[in-house]
Amino acid sequence: MGCLVGAPAIRIRVVPEVAPLFRRRIFRSFRVSASSSSPAESIRVRFAPSPTGNLHVGGARTALFNYLFARSKGGKFVLRIEDTDLERSTKESEDALLRDLSWLGLDWDEGPGVGGNYGPYRQSERNALYKQHADKLLQTSHVYRCFCSNEELEKMKEIAKLNQLPPVYTGKWASATEREVQEELAKGTPYTYRFRVPKAGSLKIDDLIRGEVTWNLDTLGDFVIMRSNGQPVYNFCVTVDDATMAISHVIRAEEHLPNTLRQALIYKALEFPMPKFAHVSLILAPDRSKLSKRHGATSVGQFKEMGLLPEGMVNYLALLGWGDGTENEFFTLDQLVDKFTIERVNKSGAIFDSTKLRWMNGQHLRSLPSEKLTELIGERWKSTGMVAESKGSFVEEAVQLLKDGIDLITDADNALSSLLSYPLYSTLSSPEGKPVLEDKLSEVAASLLSAYDSGEFTNALEEGSSGWQKWVKNFGKALKRKGKSLFMPLRVLLTGKLHGPDMGAGLLLVYKAGICGEVAPASHSGFVTLDERFNILRQVDWDSLNKNDDDNPANVKPATAHVC
């Protein structure tokens, strides 16, 4: 049976003629399947991370899909903290999770810091609720006390392994008499609560992503819902929480799919409506293994530190397993809300491509309003000590000139450093620089130095872009050079590089930086002023450079302290 969005709430249906007698200890074969029942509640989804580490990109995508589904349906997005692992859960991890979700723009309607009518929203604060429902199951004989020791349980596993059988509980205490139970209680023997699983039959759900999924019950065995120390087990907590929080749709990673069998049985035993399930495929590394730390950055916090925008991260995560059916790949969060449907989420695993993530972030970065982009990059440059102030004409012009080469905010440092640096000697001694050097570069350098010494070159820069263009045109005529024959030598001599942004605009910025005091000293920015560049040019031993070959770089002067 298809489980469509907006359809009535799902309940487990037990075929009447073979229904198990839960209140007795006799079971018959039966089949469990998902079926529709009376009117659906409003759309309510949840993201339920464990605060035992950083927010992984897989978890972030799950949160995003839940958020988009809720917002697209006018429903509620609930945040629940699953902190029952007391040894590993920390307040620091929880705070980091909340910060990362907020940074992504995934604001929750109910949960920590927000409240709501279904709290508390931390599992560690809901123990009384779990005990209440566990006792209810005990009273109705859906669970029983199991006094087996760890040694006994291990022995059961070994015997099952020898007989090539699934390692399921043999049911030693499932049929114990009340007298036997009371004797163990009187002795103070520790016990767990075990859920009675029918010995035959199957369970079927209609997953919104994966379609029909069926399990045979004879492979499961009676499972623990409460440990001997009184702590509830994950599957029991999740079921009670989702049911009592009125969660209508459970959208989670496919690694939770096997848990659905246990949870569905608990839903039925507690007479709770069962939500619709949607299991999202894993995020894979390029080698198609599960994405992990060995593949590089995997947490939202790491990508934030690397200089990603939340807009770029959200856009990329949405495309890991989802698309709107068009060629479009660029979406804002609001556009994703408008376009998202759970039916378009793919079954197959999605490959995490860091190169595409970087590219996509660059698209979002450059789509920001100029004021916002300048603010972000200006603050970055000031925080790293590259500029004295985060605002001003130099910063504004530098951002506009360099933005096409910046995909991550952190790229801005190298972009500005490259503009301000003057690696003349390393360029001239490189294989790529050899053709430029051989094109009578020394003659162009002599003429350039003459223009600088006469004040002609500086006067042209004083006039701005028009002055520069006029000077270049006259300089080319005087040397009888034009096009690449003119501009490549000038680029090398004035910038020290073979490639870069617009040469005139870059030089005007270098000139401005030398007189306005907005750029930090060379020790922080690698800045080589125009005056210093011409002083370096004066010291070049062109004869030595022209005689030098690739196998004997000893005659090339080393870079000065200003050269990056």
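Every heavy atom of this structure was used, including side-chain atoms; hydrogens, water molecules and symmetry mates were not.
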Flag side-chain contact, heavy atom, 4.5 Å: [X] against [Y]:
{"X": "N315", "Y": "Q363", "answer": "no"}
{"X": "L208", "Y": "E343", "answer": "no"}
{"X": "V143", "Y": "R194", "answer": "no"}

Exercise for the section: Determine, step by step, whether W173 and Y144 satisfy the ring-ring contact (aromatic ring centres under 6.0 Å, His included) criterion, reporting the C-alpha distance in whole Å, the side-chain angles of both residues, the deciding distance to 0.1 Å, and the verdict. Expected result: CA-CA 8 Å; W173 285 93; Y144 57 89; 8.8 Å; no
Qualifying ring pair (Phe, Tyr, Trp, His ring centres under 6.0 Å) pairs, either residue in [range], two or more places apart:
{"range": "residues 314-336", "result": "Y316-F352, W322-F331, W322-F340, F330-H364"}
{"range": "residues 215-242", "result": "F195-F223, Y234-H256"}
{"range": "residues 114-138", "result": "H133-F272"}

Side-chain donor/acceptor of [X] to backbone N/O of [Y], under 3.5 Å:
{"X": "S383", "Y": "R380", "answer": "yes"}
{"X": "T374", "Y": "E371", "answer": "no"}
{"X": "S417", "Y": "D413", "answer": "no"}
{"X": "Q302", "Y": "T298", "answer": "yes"}
{"X": "E152", "Y": "S149", "answer": "yes"}
{"X": "N66", "Y": "F77", "answer": "no"}
{"X": "R44", "Y": "M245", "answer": "yes"}
{"X": "R126", "Y": "P120", "answer": "yes"}
{"X": "S102", "Y": "L98", "answer": "yes"}
{"X": "T260", "Y": "L257", "answer": "yes"}

Exercise for the section: Go through the steps to decide whether I377 and V395 satisfy the test side-chain contact (heavy atoms from CB on, under 4.5 Å), and finish with yes or no. Expected result: CA-CA 8 Å; I377 295 179; V395 169; over 6 Å; no
Show the atom names and distances, to 0.1 Å, of all donor-acceptor pairs under 3.5 Å that link a side chain in residues 48-59 to residues at least two apart or in another chain.
| residue | atom | partner | partner atom | Å |
| --- | --- | --- | --- | --- |
| S50 | OG | E82 | O | 3.3 |
| H56 | ND1 | G58 | N | 2.8 |

Could you tell me which non-hydrogen atom of [X] sits nearest to which non-hydrogen atom of [Y], and how far apart they are?
{"X": "P501", "Y": "L419", "result": "CG-CD1, 4.5 Å"}
{"X": "E255", "Y": "P258", "result": "O-CD, 3.5 Å"}
{"X": "G75", "Y": "D109", "result": "O-OD2, 4.0 Å"}
{"X": "A350", "Y": "R61", "result": "CB-NH1, 4.2 Å"}
{"X": "N361", "Y": "G312", "result": "OD1-CA, 3.8 Å"}
{"X": "L270", "Y": "K136", "result": "O-NZ, 3.7 Å"}

Under the side-chain contact (heavy atoms from CB on, under 4.5 Å) rule, collect the residues that match up with [X], sequence neighbours excluded.
{"X": "S348", "value": "N346"}
{"X": "D218", "value": "N216"}
{"X": "D407", "value": "R358, R366, D411"}

Practice task
Begin from the C-alpha positions of D95 and R99 and carry the test salt bridge (charged side-chain N to carboxylate O under 4.0 Å, His left out) through to its verdict.
Solution key: CA-CA 6 Å; D95 290 344; R99 282 197 304 271; 5.2 Å; no
State which residues pass salt bridge (charged side-chain N to carboxylate O under 4.0 Å, His left out) with [X]; sequence neighbours excluded, sorted by chain then number.
{"X": "D338", "value": "none"}
{"X": "R122", "value": "E94, E125"}
{"X": "D100", "value": "none"}
{"X": "D404", "value": "none"}

Exercise for the section: Sort out for me which residue in Q263, H249, R46 forms a side-chain hydrogen bond (donor to acceptor under 3.5 Å, both in side chains) with D242. Expected result: R46
Practice task
In plain terms, say whether D107 and R71 are close enough for a salt bridge, that is, a side-chain N and a carboxylate O under 4.0 Å apart.
Solution key: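 Salt bridge between D107 and R71, a charged N being under 4.0 Å from a carboxylate O: yes.
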Practice task
Kindly determine whether L509 and F394 satisfy side-chain contact (heavy atoms from CB on, under 4.5 Å), including the steps that lead there.
Solution key: CA-CA 7 Å; L509 271 172; F394 174 82; 3.5 Å; yes
Problem - Pairs touching residues 388-401 that satisfy side-chain hydrogen bond (donor to acceptor under 3.5 Å, both in side chains), sequence neighbours left out - result: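 Output for this query lists E397-K512, Q400-K403.
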Problem - Result of checking I225, T239, N127 against P232 for side-chain contact (heavy atoms from CB on, under 4.5 Å) - result: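 Of all the options given, the one that passes is N127.
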Problem - S289-D287 side chain donor-acceptor pair, cut-off 3.5 Å - result: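 Short answer, yes.
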Handout entry: No-hydrogen, no-angle side-chain donor-acceptor test under 3.5 Å, R145 and T189
Key =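 R145 vs T189: no donor-acceptor pair found between side chains.
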Practice task
Report, as yes or no, whether the 6.0 Å neighbourhood of atom CG on N117 holds more than 12 heavy atoms from other residues, nucleotides or ligands.
Solution key: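 Atom CG in N117 is not crowded, with 12 or fewer foreign heavy atoms closer than 6.0 Å.
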Handout entry: From CA spacing to verdict: side-chain contact (heavy atoms from CB on, under 4.5 Å), D135, Y193
Key = CA-CA 9 Å; D135 287 342; Y193 280 9; 3.1 Å; yes
Exercise for the section: For the pair D334 and T332, evaluate side chain to side chain donor-acceptor pair (under 3.5 Å) and give the outcome as yes or no after the intermediate values. Expected result: CA-CA 5 Å; D334 288 341; T332 64; 5.4 Å; no
